[in-house]
Each structure stands twice: as structure tokens, then as C-alpha cells.
Number of protein chains: 2
Amino acid sequence: MKTNTTIKNLPAEQRRAVTVEAVIELAAEKNPASITTAEIAERMQLTQGALFRHFPNKDALWQSVMEWLAAQLLGRIDRVIATTGSPLEALELMFAAHIDFVAKHPGAPRMMFAELQRPDPTAAKAIAQTMLRHYSDRVGKLLAKGMGEGIIDPDLDVAAASVMFIGMVQGLVMQSMIAGDIAVMLGNAKPLFALYARGIKQRNHER
Amino acid sequence: MKTNTTIKNLPAEQRRAVTVEAVIELAAEKNPASITTAEIAERMQLTQGALFRHFPNKDALWQSVMEWLAAQLLGRIDRVIATTGSPLEALELMFAAHIDFVAKHPGAPRMMFAELQRPDPTAAKAIAQTMLRHYSDRVGKLLAKGMGEGIIDPDLDVAAASVMFIGMVQGLVMQSMIAGDIAVMLGNAKPLFALYARGIKQRNHER
DNA sequence: GAAGATAGTAATTGATTACAATCTTTTATG
DNA sequence: CATAAAAGATTGTAATCAATTACTATCTTC
């Protein structure tokens, strides 16, 4: 059963949730910075003024969107990491989960990027920053664990490897924007991670 | 001698050049999509209306900006590639040149990203797309050459390695946006490329 | 040094923006 | 079935946007 986004007179909480979804949908199609409240309302089959019954202002709405994104992505990642004890496998599952999430919500990385670009320190920007810090922490911990287990190269620059991990996702996002096709990401994800793994793995010297 | 950006009554060509520079400067500070013609004019010590003496509309200005970016980046890269015969060294120099360019013009990657996000097929967007295609071609050619010479792993997925290359730059850009500091990029560039090189290099079996 | 060309100013346009006030409909509850 | 509260529609406002206007200042050239 799909969440019905066209029904009217939703309870406030549901309406807020539907609004967040609408914003992320729109962010998949255009620059998040130029999404207007009128567009959001139109997408929801609602009048523009009605939005402000559920959010005090646009910034508050944006904050809700970022909170939803952070919770969703980190939640998915943590769930997937917990299924395995192998750090390398965990990284692969984490990457796959991230790509899957981005493929389902192409607006997500664009919202992140757009928020980080804002010069003023808004609440939404702060959420994006801490969210990415948490993300990097997860990657860093897995890498450190792998180094401890002798699976990952002990001389690895963990900071660089974290940047590369996030960069892979960004690279795939860019590629899909050039191609104008989100599906491209899914096809390139596997070989991309294989290349990453090849770069960080401990070399086997007794062969 | 520096180009004076504050003098009035500049010849049209110079004024257009100065305008492009002003836009890229502004793009370093905020989301390019929300740069207004009034802001651009203010930065140039000019009235807003005067801009439209040199550009028929805002789109034309943005097209000029993208053309400048594409010419600058590809020019730098081609110049640097030509200095060496080694594909791996060429890739490293290319990466360094790109990072150096982005560090000097932080607005550049943001403009690119913002343009690619636009839903309508504008001239500026088309320039960004072809520019990135040319960029990928350069990376792909160097990788293929390296594979031919036995330096790079013959089983390498060239497409994935190209995505990763661009992703590295994007990853550094994101990191610098989180930190709010452009200098971070330069410090992480070297170990990042080392990690990349480790992933694509041909393994030495006789050791 | 006049004359034409070029560059810039200041004010204004209609469209669009986030947001607010008021009125109407729908829903929940006893 | 009455009624209050919640949700939405309608209408409006002040600010801001890209773009245009009529006009002025400054160069260039013969």
C-alpha cells in the first residue's frame, strides 16, 4: 500500500511527513535552493498558504527535511552494518545501502550539497554538517577495525579513505546528473567499490 | 600588474570578463542558483541595469561563466598532461592541477554542480555536460594508455576509475564545505591520490 | 573640439517570492 | 446532531527578482 499523497485534511503529523516527501521529490528535479513554497504546495495538491499552518516558516520546513534525511540515511546504514562482523563487508553493504537510498531519493544528496553551500549558519545546515560527520565517523571506525584485524593496509590514510568513500557517492551522483539517468548509479556501484577495496586492502605477501 | 576590477567605463570585453570573475567569486560564498544580478553588480561597483548592457539576459551571462570555467580547467589540464609521458604521473599532475584550480576558484565546482541540476536544457548546462565528458575522456585515455604499458591493472574498470577520479575532487570539495575551509583540500590531495594510484596500479608479482 | 559611439545611472516595470489575515469546509467528540 | 477544533481555501502584502526605460557621462576619432 502506497502512502497517499493526494488526500486532503490529513492530521498535522502526516501532513508534515507528506510535505517533507514532496520537497525531496522536487529536489530530485531541480536545484533545492530554488524550490518555492508554491511548488511544494502544488505537488501536494494543496494551496500555498496551507503549508504555513504546519510549518512556522520555510526554514523550519527545510530543517524537517534535513532531519528526515539524516535519520533515514544513518538509520539504514547502521542497520546494515550491524548484520556483519567483517569491516570490509560492512563497508560494502554501507556503500550499497547509501547508493540504494540515493537512487530512491535523488533529491537527498542535492539537498545536502545545497545546504552546505549556504553562507549563513542555519539549523538545516548544522544538521547536514553533523550528519556528514557521523557518516565519516562510521567509515573511519570500520577502517580502523579492519586495520586492527589485518584485513586493511595498516599504512592507510584513514582520513583520505573516508573522503574517497563519500567522494564515490558524489561521483556517482554527478555521473547520473550528466547522463540524466539515475539508474546509471546502480550499475556502476559494484565495480566502483571493488576499485575502492583494492586500494585499501592489506596486500597478501605470502603468495 | 593586477586587473583593476573597480574602474568604470571599461571596454565591453573587459567588463564581460570582470563580470564572469565576479560571478565565480560570489559562487564561492553562496549557492550559485541564488546569486542575483543586483549582487553581481554590487560586487563590481556597478548598477544592476548596467549588466544588461553587456549580456542580453542572465542566462547569457551564465553561459559565459561556464565557457570560462571549461576553457580554464581543460586548458590547465591539457598543459600539464603534455609535460610527461607517464600516464600515472600525468593523472597525478592532472589531479593536482584540478585541485589547485578549485582551491583558487571554489565557486567553480559549485557552478558546475548547480548547472547540472537544472531541469531545463539551457546553454550553460550543455557546456557543463560536454566539459565533464571531455574531462572523463582525458582520464579514460590516460588509464587506457597505462594499461597498454603494463603500469595499470589490465582488469581495471575504466568507467569506474573515471567516476572515482571525479568523485575524489567532489569529495574534497564537500569536505572543505563541511570544514568551511578551502585549505583542507590541498592537504588531503596527495594521500588521496596515493590511495587512488594504489587501487589502479598493476600488481608486481615477481617480488 | 565637435560628433558619434560606448558605458553607466537611476527609476521603474511586471512577475514572483515568503508569509499573513480572514473566511470556509471537514473531522472528531459528546 | 450539535459544536468546537483542526485543516484548507481565498485573498492580500511587502519585498525582491530580472529586465527595460530615458537619460547622462565618458571615451574615441577625425
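Basis for what follows: all heavy atoms, side chains included, without hydrogens, waters or symmetry-related copies. Since this is a predicted model, take the numbers as computed values, not measurements. Reminder, nothing fancy here: chain letters follow the sequence lines and each chain counts from 1.
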Novice: So that I can tick it off, tell me whether Glu29(B) and Arg43(B) are bridged by a salt bridge, with the cut-off set at under 4.0 angstrom between side-chain N and carboxylate O.
Specialist: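 Salt bridge present between Arg43(B) and Glu29(B).
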Novice: What does the list of N/O pairs under 3.5 Å between the protein and nucleotides 27-30 of chain D look like, with a distance for each?
Specialist:
none

Novice: Quick check for you: among dT17(C), dG8(D), dA19(D), whose closest atom lies nearest to any side-chain atom of Asn57(B)?
Specialist: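 Nearest to the side chain of Asn57(B) among the choices is dA19(D).
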Novice: Can you tell me the distance, in whole Å, between the CG atom of Leu46(A) and the P atom of dT24(C)?
Specialist: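 Those two atoms, CG and P, are 19 Å apart.
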Novice: Counting only side-chain nitrogens and oxygens, does His54(A) get under 4.0 Å of the OP1 or OP2 atom of dG8(D)?
Specialist: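 Yes.
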Novice: Measure from CD on Glu13(B) to P on dA7(C) and round the result to the nearest Å.
Specialist: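 After rounding, the reported distance stands at 11 Å.
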Novice: Looking at Leu69(B), Val65(B), Ile40(B), which hits side chain to side chain contact (heavy atoms under 4.5 Å, CB included) with Val20(B)?
Specialist: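 With Val20(B) as partner, side chain to side chain contact (heavy atoms under 4.5 Å, CB included) holds for just one option, Val65(B).
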Novice: List the steps, then state whether salt bridge (Lys or Arg N to Asp or Glu O under 4.0 Å) holds for Arg76(B) with Asp100(B).
Specialist: CA-CA 10 Å; Arg76(B) 278 166 185 250; Asp100(B) 180 69; 3.5 Å; yes
Novice: Under 4.0 Å, counting only non-hydrogen atoms across every strand here, what does Ile35(B) touch: a base, just sugar-phosphate, or nothing?
Specialist: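 Counting heavy atoms under 4.0 Å across all strands, the contact made by Ile35(B) is with sugar-phosphate only.
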Novice: Using whole Å, report how far CD of Gln45(B) lies from C1' of dA7(C).
Specialist: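 My rounded result for the distance is 16 Å.
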Novice: Round to the nearest Å and state the distance from Glu42(B) atom CD to dT9(C) atom P.
Specialist: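 Going from CD in Glu42(B) over to P in dT9(C) covers 13 Å.
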Novice: For Arg16(B) and Glu13(B), what are the C-alpha separation, side-chain angles and deciding distance, and is it a salt bridge (Lys or Arg N to Asp or Glu O under 4.0 Å)?
Specialist: CA-CA 5 Å; Arg16(B) 278 193 291 269; Glu13(B) 202 175 334; 5.5 Å; no
Novice: Quick one: CE on Met174(A) to CG on Leu132(B), what's the gap to the nearest 0.5 Å?
Specialist: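 Going from CE on Met174(A) over to CG on Leu132(B), the span is 5.0 Å.
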Novice: Strictly below 4.0 Å: does Thr47(B) bring a side-chain N or O up to OP1 or OP2 of dG8(C)?
Specialist: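 Checking dG8(C) against Thr47(B), no side-chain N or O comes under 4.0 Å of OP1 or OP2.
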Novice: Output the rounded distance in Å from NZ (Lys58(A)) to C1' (dT17(C)).
Specialist: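 Taking atom C1' of dT17(C) as the reference, NZ of Lys58(A) is at 8 Å.
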Novice: Which part of the nucleic acid does Leu61(A) contact within heavy-atom distance under 4.0 Å: base, sugar-phosphate only, or nothing?
Specialist: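 The answer is nothing, as Leu61(A) stays clear of every strand by at least 4.0 Å.
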Novice: In whole Å, I'd like the distance from the CE atom of Met44(A) to the P atom of dA7(D).
Specialist: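 Roughly 12 Å, once rounded to whole Å.
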Novice: Regarding Leu51(A), tell me which of base, sugar-phosphate or nothing describes its non-hydrogen contacts under 4.0 Å with the strands shown.
Specialist: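 Contact class for Leu51(A): none.
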Novice: Collect all protein-nucleotide pairs involving nucleotides 20-23 of chain C in which both atoms are nitrogen or oxygen and the distance is under 3.5 Å.
Specialist:
residue : atom : partner  : partner atom : Å
dT22(C) : O4   : Arg53(A) : NH2          : 3.1

Novice: Between dT9(C) atom C1' and Arg15(B) atom CZ, what is the distance in whole Å?
Specialist: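 Taking atom C1' of dT9(C) as the reference, CZ of Arg15(B) is at 13 Å.
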